Amino acid sequence: MNKVRSIKEAVAQVKSGMTLMIGGFLACGTPEHIVDELVEKGVRDLTIVANDTAFPDRGIGKLVVNNQVKHVIASHIGTNPVTGKKMIAGEMKVDLVPQGTLAERIRAGGAGLGGILTPTGLGTVAEEGKEKVVVNGNEYLLETPLKADIAFLLAHKGDESGNLVYRRAARNFNPLMAMAADLVVAEVEELVKVGEIDPDEVTTPGIFVDVVVKG
């Protein structure tokens, strides 16, 4: 099945108020062309699940600067001062999640789990409002799974069926997010024919990917 579409076709499915997962770590591994199209489309009130909000002029930061985001769930916002200003002003909700916990919550969402148990955050403000579970005498926080309406990924290489190969650190959150959204769109730097990727290279199989766009 050929899943290749234009970026406009892929982004046309995004509506205001949706929850989006966007791969990347400080914009490395982030589908920049898709983000640019989201900025042009102008959808609002988005909830963004991502590792961070990158920089004001790179990656997810461009959506924040353009006032398109109402809620961020991330592990880090320090490199984008606009995010901090909006959070302090009450213009945008920010949930800061420890990076390992964030990754596991996304993995739980993709795997259909009811959540994860972690000691991270015990005894801090991070435990407020969360259920505690005792296992073998040890206390843990129950962290709930995260899912999204659409996940936007970046891959170094992909074929027409959506089999994806990532490059080094740009892999980061992309494979996890590929399993945790109702619709998965992958921007690929190099688009090849089916059969041109060694199966051993594939990190995200095409069964998890709905749409492929050439970046």
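Note that the numbering runs from 1 along the sequence shown for the chain. Small disclaimer: the values here were computed from a predicted structure and weren't measured.
- Taking CG from Leu46 and CG from Asn67, the interatomic distance works out to 11.5 Å, rounded to the nearest 0.5 Å.
- Residues Phe208 and Met179 form a side-chain contact, since some pair of their non-hydrogen atoms from C-beta on lies under 4.5 Å apart.
- We find the NZ-OG distance between Lys41 and Ser16 to be 8.0 Å, quoted to the nearest 0.5 Å.
- Val35 and Val82 fall within a single hydrophobic cluster, where Ile, Leu, Val, Met, Phe, Trp and Tyr side chains are chained together by heavy-atom contacts under 4.5 Å.
- Checking each of Ile106, Val49, Thr19 against Ile73 for a side-chain contact (heavy atoms from CB on, under 4.5 Å) leaves exactly one that passes, namely Val49.
- Taking 4.5 Å as the limit, every side-chain heavy atom of Asp95 sits out of range of all side-chain heavy atoms of Val72.
- With hydrogens and angles ignored, the 3.5 Å screen pairs no side-chain donor or acceptor of Ser161 with any backbone N or O of Asn163.
- Closest approach of Val14 and Val43 over heavy atoms only: O-CG1, 3.6 Å.
- Across all non-hydrogen atoms, the minimal contact from Pro98 to Ser75 is C-CB, 4.3 Å.
- Nearest heavy atoms, Ile22 versus Pro31: CG2-CD, 4.0 Å.
- Both Leu183 and Ile48 sit in one connected hydrophobic cluster of ILVMFWY residues. Membership requires side-chain heavy atoms under 4.5 Å apart, directly or through other members.
- Pairs engaging residues 118-134 under the salt bridge (charged side-chain N to carboxylate O under 4.0 Å, His left out) rule: Glu127-Lys132, Lys130-Glu143 [sequence neighbours left out].
- In this structure, the side chain of Asn174 engages the main chain of Ala170 through a donor-acceptor pair within 3.5 Å.
- Asn51 and His76 share no side-chain donor-acceptor pair at under 3.5 Å.
- Cluster annotation: Val188 and Val185 are assigned to distinct hydrophobic clusters (Ile/Leu/Val/Met/Phe/Trp/Tyr, side-chain heavy-atom contacts under 4.5 Å, transitive).
- Residues that satisfy the salt bridge (Lys or Arg N to Asp or Glu O under 4.0 Å) test with Glu104, not counting sequence neighbours, are Arg107.
- Criterion: ILVMFWY side-chain heavy atoms under 4.5 Å apart, direct or through other members. Under it, Met92 and Val65 are part of a common hydrophobic cluster.
- Summarising the geometry of Gly59 relative to Ala54, their closest heavy-atom pair is CA-CB, 4.3 Å, with the distance given to 0.1 Å.
- For the pair Leu146 and Leu102, the minimum side-chain heavy-atom distance is below 4.5 Å.
- When atom types are taken as modelled, the side chain of Lys3 and the backbone of Gly206 share a donor-acceptor pair closer than 3.5 angstrom.
- The OG1 atom of Thr120 sits 10.5 Å away from atom OH of Tyr140, with the distance rounded to the nearest 0.5 Å.
- Not one N or O on the side chain of Asp149 forms a donor-acceptor pair closer than 3.5 Å with the backbone of Asp182.
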Which atom pairs, donor and acceptor, lie under 3.5 Å between side-chain atoms of residues 192-200 and protein residues at least two apart or in another chain?
unit_1 : atom_1 : unit_2 : atom_2 : d
Lys193 : NZ     : Glu160 : OE2    : 3.2
Asp198 : OD1    : Asp200 : N      : 2.9

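- Residues Ile34 and Leu191 are members of separate hydrophobic clusters, defined by side-chain heavy-atom contacts under 4.5 angstrom among Ile, Leu, Val, Met, Phe, Trp and Tyr.
- Sorted by first and then second residue, the salt bridge (charged side-chain N to carboxylate O under 4.0 Å, His left out) pairs with a member in residues 109-121 form an empty list; sequence neighbours excluded.
- Residues Phe152 and Leu38 are in side-chain contact: their nearest non-hydrogen atoms beyond the backbone lie under 4.5 Å apart.
- Once rounded to the nearest 0.5 Å, the distance linking OG1 of Thr47 with CG of Leu20 reads 8.5 Å.
- In this structure a side-chain-to-backbone donor-acceptor pair under 3.5 Å is present from Asp210 to Val184.
- Looking at heavy atoms from C-beta onward, Val211 lies in side-chain contact with Val213 at the 4.5 angstrom threshold.
- Of the possible donor and acceptor atoms, one in the side chain of Asn172 sits under 3.5 Å from a partner among the backbone N and O of Ala169.
- Note: Asn80 CG to Ile77 CD1 = 8.0 Å, rounded to the nearest 0.5 Å.
- More than 12 heavy atoms of other residues, nucleotides or ligands lie within 6.0 Å of CG in Leu122, so this atom counts as buried by the packing criterion.
- A donor-acceptor pair under 3.5 Å is formed between the side chain of Thr30 and the backbone N or O of Gly23.
- The backbone N or O of Glu189 sits less than 3.5 Å from a side-chain atom of Lys214, completing a donor-acceptor pair.
- Side-chain contact between Thr144 and Arg105 is present, with at least one heavy-atom pair separated by less than 4.5 Å.
- Within the structure, the salt bridge (charged side-chain N to carboxylate O under 4.0 Å, His left out) test picks out the following pairs touching residues 55-82 (sequence neighbours left out): Glu32-Lys62, Asp36-Lys62.
- At a threshold of 4.5 Å between non-hydrogen side-chain atoms, the residues Thr101 and Gln99 do not count as touching.
- Ionic pairing of Glu190 and Arg167 is not present here: no N-O contact between side-chain nitrogen and carboxylate oxygen is shorter than 4.0 angstrom.
- Atom CG of residue Leu141 and atom CD1 of residue Ile116 lie 9.5 Å apart, to the nearest 0.5 angstrom.
- The shortest side-chain heavy-atom distance between His33 and Glu187 falls under the 4.5 Å cut-off.
- For residues 80-89, every residue pair satisfying the salt bridge (charged side-chain N to carboxylate O under 4.0 Å, His left out) rule, not counting sequence neighbours, is listed here: Lys86-Glu91.
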